[in-house]
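In what follows, chains carry the letters A, B, and so on, assigned in the order in which the sequence lines appear, proteins first and then strands, with residues in each chain numbered from 1.
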Number of protein chains: 2
Amino acid sequence: MKQRVTMRDIARKLGVSSVTVSKALNDKEGVSEELRKKIKETAREMGYRLNTLAKAMKEGYSYNVGVVIPERFIGDTQSFYLRFYQHIAKALDHYGYCSILHILTAEDEEQLQLPRVYNERKVDGFIMLGQVNKEYASLFQQIELPVVFLDFYHDQDVDCVLTDNFFGMYELTNHLIQCGHREIAFVGNIYSTSSIQDRFLGYYKSLLEHRIPLREEYIISDRDEKGKYIDFVLPKNMPTAFVCNCDQVAYHLVHTLKELGYRVPEDCSVVGFDNDIYATLAEPNLTTVQVNMEEMSDLAVKMIIEKSKDRNKKYGRVLVKGQIIYRDSVQRIND
Amino acid sequence: MKQRVTMRDIARKLGVSSVTVSKALNDKEGVSEELRKKIKETAREMGYRLNTLAKAMKEGYSYNVGVVIPERFIGDTQSFYLRFYQHIAKALDHYGYCSILHILTAEDEEQLQLPRVYNERKVDGFIMLGQVNKEYASLFQQIELPVVFLDFYHDQDVDCVLTDNFFGMYELTNHLIQCGHREIAFVGNIYSTSSIQDRFLGYYKSLLEHRIPLREEYIISDRDEKGKYIDFVLPKNMPTAFVCNCDQVAYHLVHTLKELGYRVPEDCSVVGFDNDIYATLAEPNLTTVQVNMEEMSDLAVKMIIEKSKDRNKKYGRVLVKGQIIYRDSVQRIND
DNA sequence: CTGAAAGCGCTTACAG
DNA sequence: CTGAAAGCGCTTACAG
């Protein structure tokens, strides 16, 4: 196999011009079917591979998309965003694009340092996965490359794809109420992230609709302002069900409850959110809400590709519904 | 900010040639310091970004490396290779390269389908992360792009970076023996993967050195030929310690032992390998061997970059030592 | 249906 | 120290 076969090599071998070869290989009109077939065959025989670089330079597109994930989301226990990335990579591949992952260090975020792929024009746009600070998010909106935020938004004018946290938690709480629960606590620091806030509001809406008062002692914090997990302070009057802002917290809560002598779900029901590894590590396995990563990834990819071709495309906030996964952590307590 | 600033734009503005701009920006000789400074300043002011595509086409390098991970290694519970990928991406970044992740589907592997980045010449070489079937591995060795296998090898002639499974398990078993254990079982299907095999042989070497006979009933399988986990068949004479081929299996073993009424580590010590999430999910937390991902990633990256510049570079099998992490799953039983 | 010309933005020789 | 010329491999627009 020769080192580098170019269109010109094929052209010379067949006694045609490289323009014709280009047309034939790209299925453009202006070549007879017979010649096209012969060219394609010869290309295969000679082991020809398109040089995307040359094509990209001519067209001004790299057919690469940068995916930025803040480093802190890729801890030892947090594979959530990496799994998300996997779906993004697949979706990009499906549209003929490649993904270039950029792991954003806390330092670069603080110093408003843009990824090298930006400075080197290696990508046509960015997907920002997960929450970054406001200044960094704003910086990305100012550059001349389009950006789509995935699983995070910070401002009205941003194009983003989000889990419908609000609606998911609303439906999950409805489910508990249908099972007879009326004393339902929410577990999560509602000042911490916007997704916890939205989930809390969905829980609250469900209470409102069912005329169940919101009780302050039923809002149980799980982490401090810096996101560090803290010990739960359980209410004096125990609820019959706990709605946790995520599976990891639900997992820890189940542990804590068991240590205090409560049985789950017989004494307390517990539900989570995300359907990550903690949902099935917990015993009993958790009823939870599964984020629809495939659909979210596919949407974000479609959006960024469209935006890279037409800078004026606007999408706004796009919400994708999750799905309740029913497992064994909820007890039916109505008669 | 103008859409696209080129070297020529800078040149025109300063009344010099684009060759001079290129030299100045690339810190090549042939420009006066004064002019170089002025050019760099103007470039910054005009918001110039290098078009890597053009540079790459000229030089014949893309400064991208493809990282291939078989899909089956990225399950819901297996974030190991994605964490590995993170380190690879960081190491590549450090050397001025970008990584393009390719998730290899079972189908593509079966049909010997090469990643699109290969056909599009988007990468200078590949890092293959994790085990693929022999045919696929051979295919990769035949293409004209270099490849480095990471955490897997299949043949003498391959350049690869491996955890020293053998030596790690040897040291870990030595540690158990130093703690007084002499009845030590190995848990893992020793016909399943080469890394389990090597770990087993390290365990065996430690037994040999200490004149402890290898007992057949102390080799406990954990999975069938297809890699599916099976129930453990525990020996009639219980050992005092179990050496598990990985943390996940150790985690399950601890569960099984507890259900049977054994206390860990009081009645049986258990050790794992990998130091993944299961090591700290297990109670007690597992003594295990930590794979040195940083060093392995850095080595693999250095190797693939060198190989992309010099096709004749050969490295062979490079082994990287792991490190024992001491936790609470081993009981000292000597007097 | 086919191809000569020009250009994408850069770099590498080479000449002044 | 500075720059005109050529070329990397492709595609687009135009002419025949």
Side-chain angles (χ1 to χ4, degrees), chain A residues 2-40 42-43 46-64 96 118-124 144 309, chain B residues 2-40 42-43 46-64 96 118-124 144 309:
Chain A
K2 211 193 142 216
Q3 271 287 100
R4 281 157 188 269
V5 184
T6 69
M7 288 191 178
R8 214 154 113 199
D9 294 330
I10 301 172
R12 261 203 278 260
K13 182 153 188 176
L14 255 35
V16 297
S17 82
S18 57
V19 176
T20 303
V21 174
S22 169
K23 282 176 188 160
L25 259 28
N26 285 301
D27 286 323
K28 299 225 161 140
E29 51 187 15
V31 200
S32 69
E33 264 323 302
E34 200 184 355
L35 182 53
R36 185 192 302 282
K37 214 172 139 188
K38 206 159 80 185
I39 287 173
K40 284 193 173 181
T42 310
M46 296 176 76
Y48 173 75
R49 295 182 295 142
L50 172 70
N51 188 327
T52 331
L53 259 35
K55 176 182 164 146
M57 201 177 66
K58 187 72 172 83
E59 296 185 351
Y61 295 115
S62 69
Y63 296 101
N64 291 140
Y118 170 72
N119 291 312
E120 296 182 352
R121 295 180 192 263
K122 275 191 173 178
V123 296
D124 301 335
E144 80 258 33
K309 291 179 181 156
Chain B
K2 212 193 142 212
Q3 272 286 102
R4 280 154 189 274
V5 183
T6 70
M7 288 191 178
R8 213 154 111 199
D9 294 329
I10 301 172
R12 261 203 279 261
K13 182 153 187 175
L14 255 36
V16 297
S17 82
S18 57
V19 176
T20 303
V21 174
S22 171
K23 282 175 187 159
L25 259 27
N26 285 301
D27 285 323
K28 301 226 160 139
E29 50 188 14
V31 200
S32 68
E33 264 323 301
E34 199 184 357
L35 183 53
R36 186 193 301 282
K37 214 172 140 188
K38 205 158 82 185
I39 287 173
K40 284 195 173 180
T42 310
M46 296 176 76
Y48 174 75
R49 296 180 296 142
L50 172 70
N51 189 329
T52 331
L53 259 35
K55 175 181 166 145
M57 200 177 67
K58 187 74 171 83
E59 297 185 351
Y61 294 115
S62 69
Y63 296 101
N64 292 138
Y118 169 73
N119 290 312
E120 296 183 352
R121 296 180 190 264
K122 275 191 173 180
V123 296
D124 301 335
E144 80 258 31
K309 290 177 179 157

Can you give the donor-acceptor pairs under 3.5 Å from side chains of residues 52-60 of chain B to other protein atoms, not counting sequence neighbours?
{"unit_1": "Thr52(B)", "atom_1": "OG1", "unit_2": "Glu120(A)", "atom_2": "O", "d": "2.1"}
{"unit_1": "Glu59(B)", "atom_1": "OE1", "unit_2": "Tyr63(B)", "atom_2": "OH", "d": "2.6"}

- [ ] Would you check if the side chain of Asn119(B) reaches a backbone N or O of Arg49(A) as a donor-acceptor pair within less than 3.5 Å?
- [x] no

- [ ] Pull out every stem in DNA chain C, meaning runs of 3 or more consecutive Watson-Crick or G-U wobble pairs with both distances under 3.5 Å.
- [x] C:1-3 with D:14-16, C:5-12 with D:5-12, C:14-16 with D:1-3

Open item on the list: Whether the side chain of Arg36(A) engages the backbone of Lys28(A) through a donor-acceptor N/O pair (distance < 3.5 Å, no angle test) should be reported.
Closed with: yes

TODO: Grab the CG-C1' distance between Asp9(B) and dG9(C) for me, whole Å please.
DONE: 10 Å

TODO: Quickly work out the Tyr61(B) OH to dG9(D) P distance and round it to whole Å.
DONE: 13 Å

Open item on the list: Tell me if a side-chain donor or acceptor on Ser22(B) pairs with a main-chain N or O of Ser18(B) at a distance below 3.5 Å.
Closed with: no

Open item on the list: Would you say that Leu35(B) contacts Thr20(B) through its side chain, given a criterion of any heavy-atom pair below 4.5 Å between the two side chains?
Closed with: yes

Open item on the list: Nearest 0.5 Å, please: how far is OG in Ser17(B) from NZ in Lys23(B)?
Closed with: 7.0 Å

TODO: Would you mind reading off the distance between Met7(B) atom CE and dC10(C) atom P, rounded to a whole angstrom?
DONE: 5 Å

Open item on the list: In whole Å, I'd like the distance from the CG atom of Leu50(A) to the C1' atom of dG9(D).
Closed with: 9 Å

- [ ] Report the distance from atom CZ of Arg12(A) to atom CZ of Arg8(A), rounding to the nearest 0.5 Å.
- [x] 5.0 Å

Task: Between P of dC10(D) and CG of Leu53(B), the distance in whole Å - done: 14 Å

Open item on the list: Expressed as a whole number of angstroms, how long is the span from Asn51(A):CG to dG7(D):P?
Closed with: 18 Å

Task: Check against side-chain contact (heavy atoms from CB on, under 4.5 Å), Asn51(B) and Thr6(B) - done: CA-CA 8 Å; Asn51(B) 189 329; Thr6(B) 70; over 6 Å; no

Task: Out of dT12(C), dC10(D), dC10(C), whichever nucleotide has its closest atom nearest the side chain of Tyr48(B) - done: dC10(C)

Task: Distance below 4.0 Å between Ser22(A) side-chain N/O and dC10(D) OP1 or OP2 - done: no

Task: Asn26(B) side chain near dT11(C) phosphate (N/O to OP1/OP2, under 4.0 Å) - done: yes

Open item on the list: Distance check needed: dC10(C) P versus Arg121(A) CZ, whole Å only.
Closed with: 7 Å

Task: Nucleotide of dG7(D), dG9(C), dT12(D) approaching Lys58(B) most closely (side-chain heavy atoms) - done: dG7(D)

- [ ] Starting at atom OH of Tyr63(B), determine the distance to atom C1' of dC8(D), rounded to an integer number of angstrom.
- [x] 14 Å

Identify all pairs in which a protein N or O lies below 3.5 Å from an N or O of nucleotides 1-4 of chain D, and state each distance.
{"unit_1": "dT2(D)", "atom_1": "OP2", "unit_2": "Ser32(B)", "atom_2": "N", "d": "3.0"}
{"unit_1": "dT2(D)", "atom_1": "OP2", "unit_2": "Ser32(B)", "atom_2": "OG", "d": "3.4"}
{"unit_1": "dG3(D)", "atom_1": "OP2", "unit_2": "Ser17(B)", "atom_2": "N", "d": "3.1"}
{"unit_1": "dG3(D)", "atom_1": "OP2", "unit_2": "Thr20(B)", "atom_2": "OG1", "d": "2.8"}
{"unit_1": "dG3(D)", "atom_1": "O6", "unit_2": "Lys23(B)", "atom_2": "NZ", "d": "2.6"}

TODO: State, with a plain yes or no, whether a side-chain heavy atom of Tyr48(B) is found less than 4.5 Å away from one of Lys40(B).
DONE: no

